[in-house]
Protein chains: 2
Amino acid sequence: MRGPGQRAGLSREAVVSAARAVLEQGPTLSMRAVAARLGVAPNALYSHVEGRDGLLDAVLDDLLGALALPAPDTDPAAGLTEVMTASHELLLSHPGLVPHFVARQGARGENAQRLGESMRVLLARAGVDDRAAQDTAIRVLVTHAIGDAAVAASPDGGPVPVDELRASYATGLGWLLTGALPRS
Amino acid sequence: MRGPGQRAGLSREAVVSAARAVLEQGPTLSMRAVAARLGVAPNALYSHVEGRDGLLDAVLDDLLGALALPAPDTDPAAGLTEVMTASHELLLSHPGLVPHFVARQGARGENAQRLGESMRVLLARAGVDDRAAQDTAIRVLVTHAIGDAAVAASPDGGPVPVDELRASYATGLGWLLTGALPRS
DNA sequence: ACCTGAACACCGTTCAAGT
DNA sequence: ACCTGAACACCGTTCAAGT
């Protein structure tokens, strides 16, 4: 009910917000679904967002911005468990983001970097000073979260219940941390 | 150049084989590409295979059937490393299979079960007798392989080179195994 | 600058036919 | 039983226009 040239009052924020809403409803995000929710033609989104991938990037970093960072004085192992569990839960509750997160090899937004830095601090406090060793540890931990979330995000529910996956994630995370951190 | 009713001489094997060829070429598998390679209408495949997911299942188990099982007398940790590394390499060389593998929460074909059984034997020989503990260990190991392969399978090559991902996979695998297996 | 309409080049899958 | 043609219901994205 709007001709060419009539403004719809869109904004980048509104588009990202609508995308989040679409992802709450169903497991996948399509441009056309976001546009429909905004009462707008599909191609209208391209004035505010760099295609579907750009939109998913924005949504992902938006969600990561809401994650709580561990307190500066927490025990390193506890802090790392905290961050990784929170990230894992975030992915579990937004399955539609997982394939994109996977394709992007982890997030690359500013909030993702903020999380990465906080992990570096914790690792350093645990005695992992070498930057390459920190990289490896972070990559292994993030990959574990991505892999588990990806498996859990299977649309049909899958043969393995989510609770068991959550439990095995915690077990694996513990094994990885004792491997990554020097003995105290 | 074939009218309705004329046979094309297709078979399930031919379809699976064509699908493998398509996956060698590019990162994704579409029904229409497989059909084109066979010189056949897209819907002709449905006489031999249960849709795209069924076809991917068949291709995956076909590939798993070619994996070598560890010798019965190998050291458990070495054997598990062997199986998991081989599975990981398989996924690395067939990125198009990874999203499906992820969605299926690991393979469920007969060759996949064969691999699972051999892992159980190795775990038991290492002292992991409890079946639930074996399940957890296998799930963690498989998830690690899936997660790493999924990250490595990113289409654009991604910011992290495959060699580094392969190295961090090995590191993580080592951490997980020392966590999973009782101290010797 | 922002939005629309129409189009392009794809998908997987189904259905009614033909032999 | 096996295959085709046509169609359905989708995709993401681009391009030329309109204000």
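Numbers restart at 1 for each chain; the letters A, B, ... are given by sequence-line order, proteins then strands.
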With respect to the side chain of [X], which nucleotide from [options] is positioned closest?
X     : options                : answer
B/S30 : C/dG12, D/dT14, C/dC15 : C/dG12
B/P42 : C/dT13, D/dT4, C/dT4   : C/dT13
A/P4  : D/dG12, D/dG18, D/dT4  : D/dG18

Find out whether [X] and [Y] are in side-chain contact, i.e. whether some heavy atom of one side chain is under 4.5 Å from a heavy atom of the other.
X      : Y      : result
B/H144 : B/V140 : no
A/E164 : B/R139 : yes
B/L122 : B/V128 : no
B/L80  : B/L181 : yes
B/M31  : B/L55  : yes

- Message: Taking C/dC10 as the reference, what is the distance to D/dA9 when you measure between their P atoms (whole Å, please)?
- Response: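 D/dA9 and C/dC10 have their P atoms separated by 22 Å.
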Value in whole Å for how far the [atom2] atom of [N] lies from [atom1] of [X]:
X     : N      : atom1 : atom2 : value
A/Q6  : D/dA17 : CD    : C1'   : 14 Å
A/N43 : C/dA1  : CG    : C1'   : 15 Å
B/R2  : D/dC2  : CZ    : C1'   : 10 Å
B/L29 : C/dC10 : CG    : P     : 16 Å
A/M31 : C/dC3  : CE    : C1'   : 16 Å
A/R32 : D/dT14 : CZ    : C1'   : 12 Å

- Not counting sequence neighbours, list each pair that qualifies as a salt bridge (charged side-chain N to carboxylate O under 4.0 Å, His left out) and has a residue in residues 90-102 of chain B.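 Residue pairs with at least one partner in residues 90-102 of chain B: there are none.
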- Do A/L90 and A/V142 share a hydrophobic cluster (ILVMFWY, side-chain heavy atoms under 4.5 Å, transitive)?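 Yes, one cluster joins them.
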- Answer with yes or no whether the hydrophobic clustering places B/L69 together with B/L67; edges join I, L, V, M, F, W, Y residues whose side-chain heavy atoms lie under 4.5 Å apart.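 Both belong to a single hydrophobic cluster.
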- Check the surroundings of atom CD in B/E13: do more than 12 heavy atoms from other residues, nucleotides or ligands lie under 6.0 Å from it?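 No, not enclosed.
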- Task: For DNA chain D, produce a single dot-bracket line, 5' to 3'. Pairs: Watson-Crick or G-U wobble, both distances under 3.5 Å. Symbols: ( ) within strand, [ ] crossing, | other strand, . unpaired.
- Result: ||.|||||...|||||.||
- Message: Give the residues of residues 44-62 of chain B touching DNA chain C, defined as any heavy atom closer than 4.0 Å, sorted by residue number.
- Response: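 Result for residues 44-62 of chain B: B/Y46, B/G51, B/R52, sorted by number.
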- Task: For B/L38, answer base if it contacts any base atom (sugar-phosphate contacts may also be present), sugar-phosphate if it contacts only those atoms, and nothing otherwise; contact means non-hydrogen atoms under 4.0 Å.
- Result: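 Contact class for B/L38: none.
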- Message: Is there a side-chain contact between A/R7 and the phosphate of C/dC2, meaning an N or O under 4.0 Å from OP1 or OP2?
- Response: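 False: A/R7 side-chain N/O out of range (4.0 Å or more) of C/dC2 OP1/OP2.
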